[in-house]
Amino acid sequence: MPFAFTRPACLALGLAALLATSANAESAACGGDLASFLQGVKTEAVTIGIPAAAADKALAGAVIDQKVLSRDRAQGVFRQTFLEFSQRTVSQGRLDIGRQKMKQYADVFARAEKEFGVPAGVIAAFWAMETDFGAVQGDFNTRNALVTLAHDCRRPELFRPQLIALIQMVQHGDLDPATNTGAWAGEIGQVQMLPKDIIAHGVDGDGDGHINVKTSAPDAILTAASFIKSLGFRAGQPWIQEVEVPESLPWEKSGLGNEIPASEWFRLGVKPRDGNTTFGSLPAALILPQGRKGPAFLTYPNFSIYLEWNKSFIYTTSAAYFATRLSGAPAYAKGNPEQGLSVEEMKVLQTKLDGVGHDVGDIDGILGSGTRIAVQKAQQRLGMPADGWPTPALLNAL
């Protein structure tokens with residue numbers, strides 16, 4: 001059923017109520033008897049002005065979905081390298097479809113950039129990465145997924161407000177709780193957004209008086225643009241830029257969180273492949289996903305919206321790179337990265353780093369942000385190029 005946001009005044013009041021009660025959700029009850037839990041959710045919904053009948057309709061027949069819990073407990077992690085993951089996701093086929101979609105909906109993308117300042121490539125890349133342009137949107141019942149995650153006591157403060165928002169969507173006739181499907185964590189539609197975000201940022205892109213992010217590409221495109229703007233996207237500024245790096249640099253200055261003016265990187269010999277140094281005054285971080293001998297990029301303030309969308313360094317870098325390709329940039333230079341470590345070797349490295357006082361988080365064989373920082377510090381201490389890429393040489397030196 002389409003998300004028919006035809007009552008703007010009611011929605012504004014509902015959103016205000018949601019925001020006002022979000023703090024209460026942090027201490028919301030979870031677990032226990034499902035019927036009692038659902039009664040508590042209904043009571044909360046009625047308290048903020050949602051009719052009891054709407055809550056009853058939304059929650060009737062709700063069940064705990066064990067498949068959702070299984071997915072939540074075993075979330076996939078990126079064990080692939082940047083080269084492996086980005087080449088798989090930023091395929092020629094996806095690029096071709098993305099460019100075709102950008103041409104097909106050129107007017108909609110132009111409106112997105114005019115109204116929200118978000119370029120077509122940025123939106124289209126997320127559209128591709130999330131659902132293959134709407135082809136794969138998920139088959140989990142959205143209501144049951146959110147009931148399951150709100151009832152579960154692992155992260156109820158995140159999901160109970162989303163369940164309340166879903167009830168509001170049902171109240172306004174914007175969602176059929178029995179049939180609406182999406183991702184296991186409750187995201188809906190072609191760019192996979194949660195109910196609260198759809199309410200807050202939904203845009204009627206096709207002019208039919210409804211907001212349907214599942215089946216309407218214009219609605220999905222403009223709603224995504226509105227959401228991306230809300231994350232802090234700055235119109236007219238880059239997000240990521242491929243660069244060439246010299247043989248020698250103060251590699252310890254590289255990595256996310258180590259921003260200096262882009263002009264300073266240029267002065268040190270870092271060269272944009274596209275030759276554009278217009279944004280030299282912006283703060284920029286030099287990221288080296290597979291070390292100084294692999295692909296290299298400068299990230300600008302707009303890169304932060306990718307980290308808000310997804311915390312994985314590999315995913316965000318790939319999505320940002322994808323957006324540059326759709327915006328006209330050539331394929332990156334692969335370089336010749338040094339050999340990395342296997343999962344078991346990474347666990348050994350993490351154990352060694354942890355043993356000398358570095359905070360690597362879990363000993364899981366994953367090159368996460370904590371491990372990258374620890375690797376960089378260890379490299380610097382050992383007099384090795386501190387590019388944050390773990391190699392057999394580093395493992396042997398510890």
Can you check whether [Y]'s main-chain N or O pairs, donor with acceptor, with [X]'s side chain at less than 3.5 Å?
| X | Y | result |
| --- | --- | --- |
| Thr142 | Gly186 | no |
| Asp132 | Ala135 | no |
| Gln376 | Trp251 | yes |
| Gln379 | Asp387 | yes |
| Gln350 | Ile366 | yes |
| Glu252 | Lys377 | no |
| Arg292 | Trp389 | no |
| Gln290 | Leu83 | yes |
| Thr316 | Phe313 | yes |
| Gln137 | Gly182 | no |

Next on the checklist: Could you go through Val213 and Ile188, starting from their C-alpha distance and side-chain angles, then the distance that decides it, and tell me whether this counts as side chain to side chain contact (heavy atoms under 4.5 Å, CB included)?
Outcome noted: CA-CA 7 Å; Val213 295; Ile188 302 167; 4.3 Å; yes
Do the side chains of [X] and [Y] join up, straight or via other hydrophobic residues, at under 4.5 Å, putting them in one cluster?
| X | Y | value |
| --- | --- | --- |
| Ile221 | Leu231 | yes |
| Leu149 | Leu34 | yes |
| Val170 | Ile164 | yes |
| Leu394 | Ile373 | no |
| Ile64 | Val68 | yes |

Quick check: closest heavy atoms across [X] and [Y], and the distance to 0.1 Å?
| X | Y | result |
| --- | --- | --- |
| Arg143 | Ala178 | NH2-CA, 4.4 Å |
| Leu398 | Leu349 | CD1-CD1, 3.2 Å |
| Lys67 | Phe140 | CB-CE2, 3.9 Å |
| Leu256 | Ala285 | CA-CB, 4.3 Å |
| Ile50 | Ala54 | CG2-CB, 3.9 Å |
| Leu282 | Pro238 | CD1-CD, 4.0 Å |

Next on the checklist: Would Ile199 and Asp174 count as a side chain to side chain contact (heavy atoms under 4.5 Å, CB included) here? Give the steps.
Outcome noted: CA-CA 10 Å; Ile199 288 174; Asp174 305 327; over 6 Å; no
From [atom1] ([X]) to [atom2] ([Y]), nearest 0.5 Å:
| X | Y | atom1 | atom2 | answer |
| --- | --- | --- | --- | --- |
| Ile287 | Thr317 | CD1 | OG1 | 4.0 Å |
| Ile198 | Met169 | CD1 | CE | 4.5 Å |
| Asp359 | Thr371 | CG | OG1 | 9.0 Å |
| Asp364 | Met346 | CG | CE | 9.5 Å |
| Trp184 | Leu146 | CH2 | CG | 11.0 Å |
| Leu158 | Asp152 | CG | CG | 11.5 Å |

When you compare the side chain of [Y] with that of [X], does any pair of heavy atoms fall below 4.5 Å?
| X | Y | result |
| --- | --- | --- |
| Val348 | Thr351 | no |
| Ser254 | Leu249 | no |
| Arg154 | Phe159 | no |
| Gln190 | Glu130 | no |
| Leu326 | Leu95 | yes |
| Lys253 | Leu286 | no |
| Pro390 | Leu367 | yes |
| Ile228 | Phe116 | no |

Item to check | Near-ring test Tyr315/Tyr306, centroid separation under 6.0 angstrom | outcome: no
Checklist entry - Taking the six-membered ring for Trp, are the ring centroids of Tyr105 and Phe133 within less than 6.0 Å of each other? => result no
Checklist entry - In terms of ring plane angle, is the pair Tyr332 and Phe297 parallel, tilted or perpendicular, where the classes change at 30° and 60°? => result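 Tyr332 and Phe297: perpendicular rings.
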Residues, nucleotides or ligands: over 12 heavy atoms within 6.0 Å of [X] [atom1]:
| X | atom1 | result |
| --- | --- | --- |
| Asn396 | CG | yes |
| Gln339 | CD | no |
| Asp33 | CG | yes |

Item to check | Candidate pair Met129 and Arg94, rule side chain to side chain contact (heavy atoms under 4.5 Å, CB included), full reasoning | outcome: CA-CA 9 Å; Met129 296 282 283; Arg94 273 184 165 179; 4.2 Å; yes
Item to check | Side-chain H-bond candidate by donor/acceptor type, Gln100 with Asp96, under 3.5 Å | outcome: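 No, no side-chain donor-acceptor contact under 3.5 Å.
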Next on the checklist: With ring pair (Phe, Tyr, Trp, His ring centres under 6.0 Å) as the test, pick out the partner of Trp309 among Phe233, Trp239, Phe303, Phe227.
Outcome noted: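 Single pass found, and it is Phe227.
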Next on the checklist: Go through it in stages, so that I can follow the logic: the residues are Val41 and His151, the test is side chain to side chain contact (heavy atoms under 4.5 Å, CB included), and I'd like the CA-CA distance, side-chain angles, deciding distance and then a yes or no.
Outcome noted: CA-CA 10 Å; Val41 172; His151 176 268; over 6 Å; no
